[in-house]
Amino acid sequence: MAHLHNPDNDPIQHLPDEATLAQMSDMARDKERIVFFTGAGISTESGLPDYRGPEGVWTTGDIPHIDKVKFDDESRKRYWQQRRQSYPFMRSRQPNAGHRAIARLEEEGKLLAVITQNIDQLHQKAGTHPERVIELHGNTHTFRCVRNGHEIDGDRVQEMLEAGDPDPRCDICGSPLRSATILFGESLPKDALELAHKVSLVTDLMIVVGSSLVVNPAARLPQIAKRRGAGLIIVNRTPTPLDTIADVVVRTESGPTLDALVDRVVSAGSTE
């Protein structure tokens, strides 16, 4: 396993050193079934807070729970008030170099899938085909009603909120609405988790980006890939429980690192 020599109390480096970057590109160059496993850390460079960072729900204690959304009208109204203020910011976020680098790998025919814990849909915004993005925690741009699961677009909900509706309801059945994100108290969506498991079994290289790898069962997916013989690269600002089984671990900025990696992979392919 190759580690960057920057102790955890040192500033995060911009890029891996030359030898580590060369090892990463060598691992990716001949692979055609690369899977990325992305967490909040890939989107912090787009201005979004990490759930476990100083602005995240784990720190603030503002943790949305499914029971509050379903059964507590006052809690739901407080959520809507917060949503009205925060959604324009979320909607305005743009993909960064890391998201765009992953989309470039798809153009090169090397990307099998992106398994993401994020709800921001920045991978799709960057150009990754939606069918290749497996959203383990849903997304914040879609809502569905509590009673029947009717879906409604986030922009439509925002219009209702800005028009003064304190508790938007389903246009079809009148049921309360809830975000299509996975809330505390809910299990991960079965179909998404099963698909993520399948691609982890067949990938030849998994690259973890910006995930602490502490939330199961999702965090087990890199272990599954590694056991099946895939290479494993971890790009994360802090240590993870799977660092000891990875082939390469780097504590660098994800955007510049992925951009440099894909540049090398693409340039190598063009000279073959």
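Values below: all heavy atoms of this structure, side chains included; hydrogens, waters and symmetry mates excluded.
R104 contributes atom CZ, which lies 13.5 Å from atom CD of E106 (distance to the nearest 0.5 angstrom). Between atom NE2 of residue H129 and atom NE2 of residue H123 there is a gap of 15.5 Å, rounded to the nearest 0.5 Å. A distance of 7.5 Å separates OG1 of T44 from CG of N96, quoted to the nearest 0.5 Å. Rounding to the nearest 0.5 Å places CG of D204 at 8.5 Å from CG of L112. Separation of atoms CG (L232) and CD1 (I207) is listed at 9.5 Å; rounding is to 0.5 Å. Here the OG-CG distance, from S25 to L261, works out to 6.5 Å after rounding to the nearest 0.5 Å.
Annotation: side chain of P166 is not in contact with side chain of Q81 (no heavy-atom distance under 4.5 Å). Contact annotation: the side chain of I233 never approaches that of V208 to less than 4.5 Å [non-hydrogen atoms, C-beta and beyond]. Residues T257 and M24 meet the side-chain proximity criterion, which asks for heavy atoms closer than 4.5 Å. Here the side chains of I134 and V114 are not in contact, with every heavy-atom distance at 4.5 Å or above. Residues I119 and E135 have side chains not in contact (no heavy-atom distance under 4.5 Å, counting atoms from C-beta outward). For the pair I234 and L213, the minimum side-chain heavy-atom distance is below 4.5 Å. Between Q13 and E253 there is no side-chain heavy-atom pair separated by less than 4.5 Å.
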Practice prompt. Before giving the answer on side chain to side chain contact (heavy atoms under 4.5 Å, CB included), spell out for T244 and L242 the whole-Å C-alpha distance, their side-chain angles and the decisive distance to 0.1 Å.
Written response: CA-CA 5 Å; T244 56; L242 300 190; over 6 Å; no
Discussion item. Before you tell me yes or no, could you show the steps for D171 and M160 under side chain to side chain contact (heavy atoms under 4.5 Å, CB included), namely the whole-Å CA-CA distance, both residues' side-chain angles and the distance that decides it to 0.1 Å?
Written reply: CA-CA 11 Å; D171 291 327; M160 298 163 83; 4.2 Å; yes
Discussion item. Working note: E18 + R264, criterion salt bridge (charged side-chain N to carboxylate O under 4.0 Å, His left out); need CA distance, chi angles, decisive distance, verdict.
Written reply: CA-CA 12 Å; E18 183 62 27; R264 289 184 175 227; 2.4 Å; yes
Worksheet item: Are R83 and T140 close enough, and set up right, to give a side chain to side chain donor-acceptor pair (under 3.5 Å), and what steps lead you there?
Response: CA-CA 10 Å; R83 166 83 182 194; T140 192; 2.9 Å; yes
Discussion item. If you apply the rule side chain to side chain donor-acceptor pair (under 3.5 Å), what do you find for E131 with Q124, and how did you get there?
Written reply: CA-CA 9 Å; E131 291 184 359; Q124 294 92 320; over 6 Å; no
Fill in: Verdict with reasoning, F36 to L105, per side chain to side chain contact (heavy atoms under 4.5 Å, CB included)
CA-CA 11 Å; F36 283 84; L105 268 189; 3.6 Å; yes
Practice prompt. Assess whether side chain to side chain contact (heavy atoms under 4.5 Å, CB included) is satisfied between L111 and I102, documenting all intermediate values.
Written response: CA-CA 8 Å; L111 181 69; I102 293 172; 4.1 Å; yes
Practice prompt. Evaluate the criterion salt bridge (charged side-chain N to carboxylate O under 4.0 Å, His left out) for residue pair R156 and D153; output intermediate values, then yes/no.
Written response: CA-CA 5 Å; R156 165 65 180 144; D153 184 74; over 6 Å; no
Which pairs of donor and acceptor atoms, one on a side chain in residues 188-197, lie under 3.5 Å apart (sequence neighbours left out)?
none

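Both M27 and V209 are part of a single hydrophobic cluster, where members link through side-chain heavy atoms under 4.5 Å apart. A single hydrophobic cluster is not seen to contain both L258 and L48; linkage of ILVMFWY side chains at heavy-atom distances under 4.5 Å, directly or through other members, places them apart. Under the 4.5 Å side-chain contact rule for hydrophobic residues, V248 and L205 share a cluster. Under the 4.5 Å side-chain heavy-atom criterion for grouping Ile, Leu, Val, Met, Phe, Trp and Tyr, I34 is connected to I42 within one hydrophobic cluster. When the side chains of ILVMFWY residues are joined at heavy-atom separations under 4.5 Å, either directly or via intervening members, I172 and I152 end up in two distinct hydrophobic clusters.
A pairwise comparison of heavy atoms in N148 and C173 identifies ND2-SG, 3.3 Å as the closest pair. Among all heavy-atom pairs drawn from P222 and M206, the shortest one is CA-SD, 3.4 Å. When all heavy atoms of I115 and S200 are compared, the pair lying nearest together is CD1-OG, 3.8 Å. Summarising the geometry of R169 relative to D165, their closest heavy-atom pair is N-OD2, 4.5 Å, with the distance given to 0.1 Å. Closest approach of C170 and C145 over heavy atoms only: CB-CB, 3.6 Å. In terms of heavy atoms, I182 sits closest to G138 at CG1-N, 4.2 Å.
In summary, the side chains of T252 and H14 do not present any donor paired with an acceptor at a separation below 3.5 Å, with no hydrogens or angles considered. Q117 and H137 are not linked by any side-chain donor-acceptor pair at a separation below 3.5 angstrom, with hydrogens and angles left out of the test. Using a 3.5 Å distance cut-off with no hydrogens or angles, the side chains of T240 and S212 do not pair a donor with an acceptor. In this model, no donor atom of one side chain and acceptor atom of the other lie less than 3.5 Å apart for S46 and Q94.
Ring centers of H141 and Y87: under 6.0 Å apart, within the cut-off.
By the 6.0 Å contact criterion, CZ on R228 is open, its count of non-hydrogen atoms from other residues, nucleotides or ligands being 12 or less.
For K31, the side-chain hydrogen bond (donor to acceptor under 3.5 Å, both in side chains) test picks out no residue, with sequence neighbours left out.
Side chain of R178 to main chain of T181: a donor-acceptor pair is present (N/O by atom type, distance under 3.5 Å, no hydrogens or angles). At distances below 3.5 Å, not a single donor-acceptor pair connects side-chain atoms of N118 with backbone N or O atoms of Q121. Formation of a donor-acceptor pair under 3.5 Å by the K110 side chain with backbone atoms of R29 is found in this model. Within the 3.5 Å criterion, the main-chain N or O of T142 finds no donor-acceptor partner in the side chain of E151.
Salt bridge present: R76 and D167 bring a charged side-chain N and a carboxylate O closer than 4.0 Å. Ion pairing of E162 with R84 is absent here, as no side-chain N (NZ or NE/NH1/NH2) approaches a carboxylate O to less than 4.0 Å. Between D120 and K125 no salt bridge is recorded (no basic side-chain N to carboxylate O distance below 4.0 Å). The residues R91 and D155 are annotated as salt-bridged, a charged nitrogen and a carboxylate oxygen being separated by less than 4.0 angstrom.
Of the candidates N236, T238, D243, D243 is the only one forming a side chain to side chain donor-acceptor pair (under 3.5 Å) with R251.
Cation-pi geometry between R93 and F89 is met: the NZ or CZ atom falls under 6.0 Å from the ring centre, inside 45° of the normal.
By the 30° and 60° cut-offs, the orientation of the rings of W80 relative to F143 is tilted.
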